Amino acid sequence: MTDIDWGALHDAAREASQYAYVPYSRYRVGAAALVTDGRIIAGCNVENASYGLTLCAECGLVSELHLSGGGQLVAFVCVNGDGETIMPCGRCRQLLYEHAIPGMLLDTVSGVRSIDEVLPDAFGPRDLEGIGR
Ligand code: THU
């Protein structure tokens, strides 16, 4: 397993936050993650005049995951425009869960935690196994 360089993840998240499109909230978010093959990916939030269509930074990050070669997320962090660590919203914890290795680590406002700690008893792909389609 690749060592986790949290400093590099924070730098990538902070850099990504500079590209956020936030004309409505003015609240920039940058997210970054380490992928199983060692690459670092990132995303920023993109808002919309139809407010509910806003894409969180994690949405861009997951798109970048697939666009740049796939794999699974090993470690994750998101920050605001001041570089402060923030928590991924509930929806995005679910989004991250689907693409995470078991036990993926997140740097959070209360220290490094696993995905299972921030999304206990998660619903996921395994719950849909065996369903006739
Ligand atoms: N936001 C994210 O990008 N990720 C999160 O996990 C929390 C919230 C964004 C959405 C919106 O553009 C702004 O933060 C304020 O809610």
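Counting starts at 1 for both ligands and their atoms, in listed order. Computed from a predicted structure; not experimentally measured.
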Quick one: which ligand 1 atoms are inside 4.0 Å of a heavy atom on Asn45? 3 (O), 9 (C), 11 (C), 12 (O), 13 (C), 14 (O)
Main-chain N/O of Phe123 paired with Gln94 side-chain donor or acceptor, under 3.5 Å: yes
Main-chain N/O of Asp107 paired with Arg113 side-chain donor or acceptor, under 3.5 Å: no
Using a strict cut-off of 4.0 Å, indicate which atoms of ligand 1 neighbour a heavy atom of Pro88. 6 (O)
Can any side-chain N or O of Thr108 pair as donor or acceptor with the backbone N or O of Gly111 at less than 3.5 Å? yes
Within the distance-only criterion (no hydrogens, no angle test), does the side chain of Ser63 pair as donor or acceptor with the backbone N or O of Cys59 below 3.5 angstrom? no
List the closest protein heavy-atom neighbour of atom 16 (O) of ligand 1: residue, atom name, distance to the nearest 0.1 Å. Tyr27 CD2, 4.9 Å
What are the atoms of ligand 1, with element, lying closer than 4.0 Å to any heavy atom of Thr54? 10 (C), 11 (C), 12 (O)
Using a 4.0 Å cut-off to any heavy atom of Ala57, which atoms of ligand 1 qualify? 2 (C), 3 (O)
One finds that the ligand 1 atoms under 4.0 Å from a non-hydrogen atom of Glu47 are 11 (C), 12 (O), 13 (C)
On a heavy-atom basis, I'd like to know which of Gly30, Cys56, Cys92, Cys89 is closest to atom 2 (C) of ligand 1. Cys56
Give the residue, atom name and distance (to 0.1 Å) of the protein heavy atom nearest atom 4 (N) of ligand 1. Glu58 OE1, 2.9 Å
Does the Glu47 side chain pair with the main chain of Ser25, one donor and one acceptor, at a distance under 3.5 Å? yes
Determine whether a donor-acceptor pair (N or O, by modelled atom type, separation under 3.5 Å) exists between the side chain of Arg28 and the backbone of Asn80. no
Ring pair (Phe, Tyr, Trp, His ring centres under 6.0 Å): which pairs involve residues 10-56, sequence neighbours left out? Tyr24-Tyr51
Is any heavy atom of the protein nearer than 4.0 Å to atom 12 (O) of ligand 1? yes
Contact check, Cys78 vs ligand 1, heavy-atom distance below 4.0 Å: no
